[in-house]
Number of protein chains: 2
Amino acid sequence: MPKHEGVSLSVIKRLPRYYRFLGDLLSRDVTRISSRELASLMQLTASQIRQDLNCFGGFGQQGYGYNVAALHKEIGNIMGLNKHTPMVLIGAGNLGRTIARHMDFESSGFKLVGIFDDSPRVIGQKVSSLTVQDMAGLEAFCKEQSPRAAILCIPKEVAFETAQRLMKLGVNCFWNFSHYDLSLDFEGAVVENVHLGDSLMTLCYQINAAYPEDE
Amino acid sequence: MPKHEGVSLSVIKRLPRYYRFLGDLLSRDVTRISSRELASLMQLTASQIRQDLNCFGGFGQQGYGYNVAALHKEIGNIMGLNKHTPMVLIGAGNLGRTIARHMDFESSGFKLVGIFDDSPRVIGQKVSSLTVQDMAGLEAFCKEQSPRAAILCIPKEVAFETAQRLMKLGVNCFWNFSHYDLSLDFEGAVVENVHLGDSLMTLCYQINAAYPEDE
DNA sequence: TAGATTGTTAATCGATTAACAATC
DNA sequence: TAGATTGTTAATCGATTAACAATC
């Protein structure tokens with residue numbers, strides 16, 4: 001693999017979107033595409049696409065463009081989607097169970113290997129081929145299975161301590177749905193925050209900005 | 001309200017986070033805070049905070065800083081969280097039902113007034129005080145209740161046509177969870193996309209970037 | 001070869017940071 | 001008044017866009 005060091009966050013955040021669009025083209029049997037065509041499809045500039053891709057390597061061919069299948073695969077490799085990083089879900093409430101059922105972990109570089117909660121109401125329930133386990137058994141489980149990543153679907157009040165407990169067990173990559181900015185406290189952790197509440201408020205702002213009249 | 005026109009998207013995206021941090025401070029009975037203190041808390045620069053806030057007005061006081069309660073309320077007003085824009089949920093599968101139950105619409109500027117699906121398996125089910133209705137009744141419902149916004153928890157294949165159908169009914173603000181970039185096709189619509197799959201892939205990338213050794 | 005389109009360098013634009021005068 | 005901290009202007013930095021030589 002070529003060097004990916006120091007690629008800017010804005011480029012990284014665009015990778016999944018490139019991957020999605022290329023996947024779509026692929027399923028519609030498009031074999032080649034130029035940066036100009038892809039740009040018009042994705043509402044970007046051709047320059048930006050070429051700049052972005054060249055952070056990782058020269059995947060195109062002058063006078064031809066890009067091979068859709070090859071580029072799709074390359075971007076998948078760059079993101080590491082072919083891996084299966086073992087991942088646990090902490091918190092099997094409504095949101096946790098839905099995430100477990102809804103996401104395609106296998107094609108996103110992960111494998112969901114365990115689900116934990118501390119409420120007797122959900123412990124023992126089956127969620128997408130896994131059984132919800134008692135949080136008390138987390139240490140033993142991690143010793144055996146060595147998960148590297150965790151999904152946090154827990155209240156913000158316990159997010160910090162839970163993350164700390166997981167870090168001690170060698171789990172330092174977090175997909176954080178709790179209403180809490182995990183990244184701030186954890187030097188050395190890899191954190192992706194999903195703040196659904198923030199997203200809804202952003203929508204609210206934009207509606208008001210677009211239609212200020214109706215007070 | 002003062003002028004918000006032309007505020008950059010990066011500033012807007014930070015507003016909910018400011019609101020969250022100020023809410024936290026408020027709940028811990030902090031009455032005043034300087035841009036420097038808030039900056040260290042949020043891991044921003046004091047300059048950025050003052051710049052951001054001054055897009056909307058001068059909420060601080062020289063030599064004193066900002067009143068936490070007042071600023072919290074101001075930002076809430078700027079985002080329009082005190083409104084109750086009527087909103088419908090389209091798609092009452094796992095994800096849709098969870099979103100309906102999980103989000104605090106009332107304190108985010110919305111009111112969930114209807115839930116729709118086309119599958120007999122979920123029509124008639126109760127979800128958080130609402131009953132899932134048949135998509136066939138969408139037109140009649142919109143005529144009566146005039147929702148302005150919709151949550152789309154539907155497969156990407158039907159996202160476009162569903163959004164189009166809603167636009168015809170006067171619903172042109174979308175909180176889109178479908179695996180599809182709605183914004184691209186709809187001039188005049190207000191769209192906030194939530195791409196959970198993209199987020200998971202971004203985490204995958206960052207894990208690989210941080211720990212490239214373990215192939 | 002001629003045409004097309006990339007990879008890459010240079011120019012522009014916008015967002016972040018620094019500085020400081022205004023003022024509470 | 002003196003000290004602190006804002007609001008705001010100027011400087012810097014980074015990301016996007018434009019341009020073009022390289023090359024398939």
Side-chain angles (χ1 to χ4, degrees), chain A residues 2-18 21-22 25 30-72 74-75 78 183-184 202 205, chain B residues 2-18 21-22 25 30-72 74-75 78 183-184 202 205:
Chain A
K3 35 79 230 202
H4 321 172
E5 15 176 327
V7 178
S8 87
L9 194 63
S10 29
V11 175
I12 293 168
K13 294 262 172 190
R14 279 193 291 269
L15 287 178
R17 191 153 172 270
Y18 284 124
F21 272 81
L22 289 163
L25 288 168
V30 179
T31 53
R32 73 164 274 275
I33 195 157
S34 69
S35 56
R36 197 159 64 81
E37 290 169 303
L38 187 57
S40 105
L41 223 56
M42 296 183 65
Q43 299 202 341
L44 299 169
T45 63
S47 272
Q48 182 162 60
I49 290 178
R50 295 205 298 278
Q51 284 275 24
D52 284 354
L53 296 179
N54 276 91
C55 292
F56 304 100
F59 304 125
Q61 197 170 337
Q62 280 98 331
Y64 174 84
Y66 299 87
N67 179 291
V68 173
L71 186 56
H72 182 257
E74 281 290 357
I75 294 178
I78 289 163
S183 38
L184 304 187
T202 301
Y205 174 92
Chain B
K3 36 79 228 202
H4 322 172
E5 14 177 328
V7 179
S8 87
L9 194 64
S10 28
V11 175
I12 293 167
K13 292 262 172 190
R14 279 193 292 270
L15 287 179
R17 192 153 172 269
Y18 284 123
F21 272 80
L22 289 164
L25 288 168
V30 179
T31 53
R32 73 163 273 275
I33 195 156
S34 69
S35 56
R36 198 159 62 81
E37 290 170 303
L38 187 58
S40 107
L41 222 57
M42 296 182 65
Q43 299 201 342
L44 298 169
T45 64
S47 272
Q48 183 162 59
I49 290 178
R50 295 205 298 276
Q51 284 275 23
D52 284 354
L53 297 179
N54 277 91
C55 293
F56 303 100
F59 304 126
Q61 196 170 338
Q62 280 97 332
Y64 174 84
Y66 298 86
N67 179 291
V68 173
L71 185 56
H72 182 258
E74 281 291 357
I75 295 178
I78 290 162
S183 38
L184 304 187
T202 301
Y205 174 91

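The basis for the numbers below is simple: all heavy atoms, side chains too, and nothing from hydrogens, waters or symmetry mates. Labels below follow one simple rule: chain letters A, B, ... track the order of the sequence lines, proteins then strands, and each chain is numbered from 1.
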Look up atom [atom1] in [X] and atom [atom2] in [Y], then write down how far apart they are to the nearest 0.5 Å.
X     : Y     : atom1 : atom2 : answer
A:L44 : A:Q51 : CG    : CD    : 13.0 Å
A:R14 : A:S8  : CZ    : OG    : 6.5 Å
A:L38 : A:L53 : CG    : CG    : 8.0 Å
B:I12 : B:D52 : CD1   : CG    : 10.5 Å

**Study point:** Where protein sits on nucleotides 19-24 of chain C, one letter per nucleotide: B base, S sugar-phosphate only, - none, heavy atoms under 4.0 Å
**Key:** BB-BBB
Grab the [atom1]-[atom2] distance between [X] and [N] for me, whole Å please.
X     : N      : atom1 : atom2 : answer
B:K13 : C:dG14 : NZ    : P     : 19 Å
B:D52 : D:dT8  : CG    : C1'   : 14 Å
A:Q48 : D:dA18 : CD    : C1'   : 13 Å
A:I12 : D:dA15 : CD1   : P     : 11 Å
A:I33 : C:dA4  : CD1   : P     : 17 Å
B:L53 : C:dT16 : CG    : P     : 14 Å
B:I49 : D:dT5  : CD1   : P     : 14 Å
A:F56 : C:dT6  : CZ    : C1'   : 18 Å

Point to revise | Listed partners of B:S34 passing side chain to side chain contact (heavy atoms under 4.5 Å, CB included), at least two apart | key: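 So B:S34 forms a side chain to side chain contact (heavy atoms under 4.5 Å, CB included) with B:R32, B:R36, B:E37.
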Revision key, fill the gap. Tightest non-hydrogen contact, residues A:A46 and A:A39, listed as N-CB, 3.4 Å
Point to revise | B:F21/B:I33 under side-chain contact (heavy atoms from CB on, under 4.5 Å): CA gap, chis, key distance, verdict | key: CA-CA 11 Å; B:F21 272 80; B:I33 195 156; over 6 Å; no
Practice item. Run the numbers on B:T202 and A:L15 for side-chain contact (heavy atoms from CB on, under 4.5 Å), then give the verdict. Key: CA-CA 8 Å; B:T202 301; A:L15 287 178; over 6 Å; no
Point to revise | Counterpart residues, side-chain hydrogen bond (donor to acceptor under 3.5 Å, both in side chains), relative to B:S47 (two or more places apart) | key: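 Residues passing side-chain hydrogen bond (donor to acceptor under 3.5 Å, both in side chains) with B:S47: none at all.
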Point to revise | Check: B:I78 and B:Y18 side chains under 4.5 Å, non-hydrogen atoms | key: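 Side-chain contact under 4.5 Å: no.
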Check your understanding: Any side-chain heavy atom of A:F59 sitting closer than 4.5 Å to one from A:I75?
Key ->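 No. Closest side-chain heavy atoms not under 4.5 Å.
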Check your understanding: Is there a donor and acceptor pair closer than 3.5 Å between the side chain of B:Q51 and the base of D:dT6?
Key ->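 Donor-acceptor pair under 3.5 Å: no.
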Practice item. Could you check which residues of residues 35-46 of chain A get a heavy atom under 4.0 Å from DNA chain C? Sort them by number, please. Key: A:S35
**Study point:** Net bend of the helix from C:dG3-D:dC24 to C:dC24-D:dG3, end axes of five pairs each, nearest 10 degrees
**Key:** 10°
Which nucleotide, [options], lies nearest any side-chain atom of [X]?
X     : options               : value
B:R32 : C:dT5, C:dT16, D:dT5  : D:dT5
B:N54 : D:dT16, D:dG7, C:dG7  : D:dG7
B:Y66 : C:dA15, D:dA15, D:dG7 : D:dG7

Atom pairs and distances, side-chain donor-acceptor, residues 61-72 of chain B, under 3.5 Å, sequence neighbours left out:
from, atom 1, to, atom 2, distance (Å)
B:N67, OD1, B:A69, N, 3.1
B:N67, OD1, B:A70, N, 2.8

